[in-house]
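Chain letters run A, B, ... following the sequence lines, proteins first, then strands; residues in each count from 1.
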Amino acid sequence: MLKGADASVMEQEDFASQHREMTSWDINDIKLPQHVSQTDWFQEWPDSYVKHIYSSEDKNAQRHHSSWAMRNTNNHNSRILKKSCLGVVVCGNDCSTLDGRKIYLRPAICDKARQKQQRKCCPNCNGPLRLLSCRGHGGYPVTNFWRHEGQFIFFQSKGAHDHPRPETKLEAEARRSIQKAKTAFSPTSLRLKRIQEIE
DNA sequence: CAATGCGGGCCTT
DNA sequence: AAGGCCCGCATTG
Ligand SMILES: [Zn+2]
Ligand SMILES: [Zn+2]
């Protein structure tokens with residue numbers, strides 16, 4: 001009887017300490033959990049104030065990926081990588097596709113590429129594009145933090161995105177190649193090719 | 001070409 | 001000191 005009760009208490013304490021090990025840490029702690037019983041599967045859309053512990057083998061974690069458009073930002077701490085959200089690119093006239101969906105483009109991560117992007121037109125209605133910035137963290141963009149420690153990669157996010165999800169990296173890449181193919185076969189482009197062949 | 005990371009430097013609180 | 005951010009440069013794919 002007593003033995004059973006003790007075991008139950010022990011199990012609960014194990015649970016509690018396990019839970020503490022998994023969640024009671026902050027990215028800024030001097031020491032992070034060393035004995036993690038289980039790592040998380042990569043989270044593509046981390047939102048709100050969440051923390052994850054990934055395996056150092058996880059390719060997505062290694063590359064500090066996110067389907068949110070996150071850009072590197074200088075926090076003067078080489079141990080902890082900080083990224084902040086760029087929001088989402090929307091159509092300036094709020095058009096919808098034929099199947100009733102809104103345009104939520106992925107902001108280019110590179111500053112220069114983003115400036116170019118904002119001069120382009122809506123792929124659906126040809127209207128102007130607008131960058132909807134993220135204000136999910138006290139009026140500032142949501143931030144993500146990454147830290148490699150031993151065989152783990154610790155992730156922590158601060159803030160809740162106050163905007164729609166952008167296209168994923170893959171969707172954005174696909175859109176670009178389609179656009180590229182379109183221009184390559186456009187009448188003007190074909191005409192230019194002819195001219196170059198003659199020369 | 002663009003994604004990603006680094007770090008000097010500047011600004012405001 | 002801390003946080004946000006701009007910018008140029010390097011690496012990677
Ligand atoms: Zn549009
Ligand atoms: Zn955001």
Side-chain angles (χ1 to χ4, degrees), chain A residues 25-30 32 42-90 103-123 129-186 188-189 192-193 196:
Chain A
W25 54 270
D26 185 271
I27 202 77
N28 292 305
D29 289 349
I30 307 292
L32 260 36
F42 182 73
Q43 300 298 301
E44 197 179 351
W45 299 102
D47 206 344
S48 76
Y49 297 76
V50 296
K51 291 182 277 188
H52 292 291
I53 302 177
Y54 299 122
S55 159
S56 57
E57 309 288 299
D58 188 311
K59 296 293 181 192
N60 283 313
Q62 283 173 9
R63 287 157 201 173
H64 313 129
H65 279 171
S66 173
S67 283
W68 299 102
M70 307 298 294
R71 74 157 163 197
N72 181 295
T73 182
N74 188 6
N75 63 341
H76 296 280
N77 181 344
S78 52
R79 291 292 190 79
I80 301 174
L81 178 63
K82 177 181 180 180
K83 292 186 160 198
S84 64
C85 181
L86 288 166
V88 62
V89 174
V90 298
I103 299 295
Y104 296 130
L105 303 184
R106 183 180 190 78
I109 305 300
C110 170
D111 292 352
K112 203 179 164 193
R114 189 161 0 94
Q115 287 163 22
K116 266 189 222 169
Q117 179 184 40
Q118 289 180 68
R119 312 218 141 178
K120 294 179 183 170
C121 310
C122 170
L129 291 178
R130 231 162 44 75
L131 178 63
L132 196 61
S133 51
C134 181
R135 303 225 162 83
H137 187 211
Y140 286 103
V142 168
T143 49
N144 286 358
F145 298 86
W146 296 89
R147 181 169 157 193
H148 292 231
E149 207 67 53
Q151 51 186 145
F152 305 113
I153 299 175
F154 294 84
F155 170 89
Q156 183 169 345
S157 86
K158 298 182 180 176
H161 298 277
D162 60 342
H163 55 85
R165 293 176 174 187
E167 287 180 322
T168 66
K169 200 173 310 182
L170 287 174
E171 288 167 335
E173 279 170 13
R175 182 186 288 284
R176 269 193 272 168
S177 28
I178 289 170
Q179 188 55 45
K180 184 182 279 181
K182 259 186 171 177
T183 40
F185 282 107
S186 76
T188 58
S189 176
L192 287 172
K193 269 185 193 171
Q196 289 184 342

Asker: Strictly below 4.0 Å: does A/Arg114 bring a side-chain N or O up to OP1 or OP2 of B/dA2?
Answerer: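 So the side-chain polar atoms of A/Arg114 never come under 4.0 Å of the phosphate oxygens OP1 or OP2 of B/dA2.
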
Asker: Take atom CZ of A/Arg106 and atom C1' of B/dT4, then tell me their distance rounded to the nearest Å.
Answerer: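 It is 12 Å, rounded to the nearest whole Å.
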
Asker: For A/Asp111 and C/dC9, give me the distance from atom CG to atom P, rounded to whole Å.
Answerer: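 Rounded to whole Å, this separation is 14 Å.
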
Asker: Here's a test of your reading of the structure: between A/Lys112 and A/Arg63, which maps to the more 5' nucleotide of DNA chain B?
Answerer: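 Result: A/Lys112.
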
Asker: Rounded to whole Å, please give me the gap between CG in A/Leu86 and C1' in B/dT4.
Answerer: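 Checked: the CG to C1' distance equals 13 Å.
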
Asker: Could you check whether the side chain of A/His76 and the base of B/dG9 have a donor-acceptor pair of N or O atoms closer than 3.5 Å, going by distance alone?
Answerer: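 When only heavy-atom distances are counted, A/His76 does reach the base of B/dG9 through a donor-acceptor pair under 3.5 Å.
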
Asker: Whole angstroms only, please: what is the NZ-C1' distance between A/Lys180 and B/dC1?
Answerer: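 From A/Lys180 NZ to B/dC1 C1': 8 Å.
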
Asker: Under 4.0 Å from OP1 or OP2 of B/dT4: is there any side-chain N or O of A/Lys169 that close?
Answerer: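 The answer is yes; a side-chain N or O of A/Lys169 sits under 4.0 Å from OP1 or OP2.
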
Asker: Taking only side-chain N and O atoms of A/Lys83, does any of them lie within less than 4.0 angstrom of OP1 or OP2 on B/dG5?
Answerer: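 Yes, A/Lys83 has a side-chain N/O under 4.0 Å of OP1/OP2 on B/dG5.
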
Asker: Could you tell me how far apart A/Asn60 (CG) and C/dG13 (P) are, to the nearest whole angstrom?
Answerer: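 So the CG-P distance, A/Asn60 to C/dG13, works out to 14 Å.
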
Asker: Check for me whether the distance between the ring centres of A/His148 and A/His64 falls short of 6.0 Å.
Answerer: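 Yes.
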
Asker: Would you check, one step at a time, whether the test salt bridge (Lys or Arg N to Asp or Glu O under 4.0 Å) holds for A/Lys51 with A/Asp26?
Answerer: CA-CA 8 Å; A/Lys51 291 182 277 188; A/Asp26 185 271; 5.7 Å; no

Asker: May I have the step-by-step check of ring-ring contact (aromatic ring centres under 6.0 Å, His included) for A/His163 and A/Trp68, ending in yes or no?
Answerer: CA-CA 10 Å; A/His163 55 85; A/Trp68 299 102; 5.3 Å; yes

Asker: Does A/Arg71 have a side-chain nitrogen or oxygen under 4.0 Å from the phosphate oxygens OP1 or OP2 of C/dC7?
Answerer: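 Looking at the OP1 and OP2 atoms of C/dC7, neither is under 4.0 Å from any side-chain N or O of A/Arg71.
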
Asker: With a 4.0 Å cut-off on heavy atoms, is A/Lys82 in touch with a base, just the backbone sugar-phosphate, or nothing at all?
Answerer: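 Sugar-phosphate, no base atom in range.
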
Asker: Is there a salt bridge (Lys or Arg N to Asp or Glu O under 4.0 Å) between A/Arg175 and A/Glu167 once you walk through the steps?
Answerer: CA-CA 10 Å; A/Arg175 182 186 288 284; A/Glu167 287 180 322; 2.7 Å; yes

Asker: Under 4.5 Å between any side-chain heavy atoms of A/Arg114 and A/Leu86, yes or no?
Answerer: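 Side-chain contact under 4.5 Å: yes.
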
Asker: When the distance from CG of A/Asn74 to C1' of B/dC11 is rounded to whole Å, what number comes out?
Answerer: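 From A/Asn74 CG to B/dC11 C1': 14 Å.
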
Asker: With nearest nucleotide decided by heavy atoms, which residue, A/His137 or A/Gln115, maps closer to the 5′ end of DNA chain C?
Answerer: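 The 5'-side residue here is A/His137.
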
Asker: Any donor-acceptor pair under 3.5 Å between the side chain of A/Asn75 and the base of C/dG3?
Answerer: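 Such a pair does not exist between side chain and base.
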
Asker: What nucleic acid atoms does A/Lys158 come within less than 4.0 Å of, heavy atoms only: base, sugar-phosphate, or nothing?
Answerer: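 A/Lys158: no heavy atom of the nucleic acid under 4.0 Å.
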
Asker: Quick check on DNA chain B: between A/Asn77 and A/Cys110, whose nearest nucleotide comes earlier from the 5' end?
Answerer: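 On the 5' side of the pair lies A/Cys110.
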
Asker: Expressed as a whole number of angstroms, how long is the span from A/Asn144:CG to B/dG5:P?
Answerer: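 Checked: the CG to P distance equals 11 Å.
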
Asker: Write down the distance between CG (A/Asn72) and P (C/dG4), rounded to a whole number of angstrom.
Answerer: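 In whole Å, C/dG4 P and A/Asn72 CG are 14 Å from each other.
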
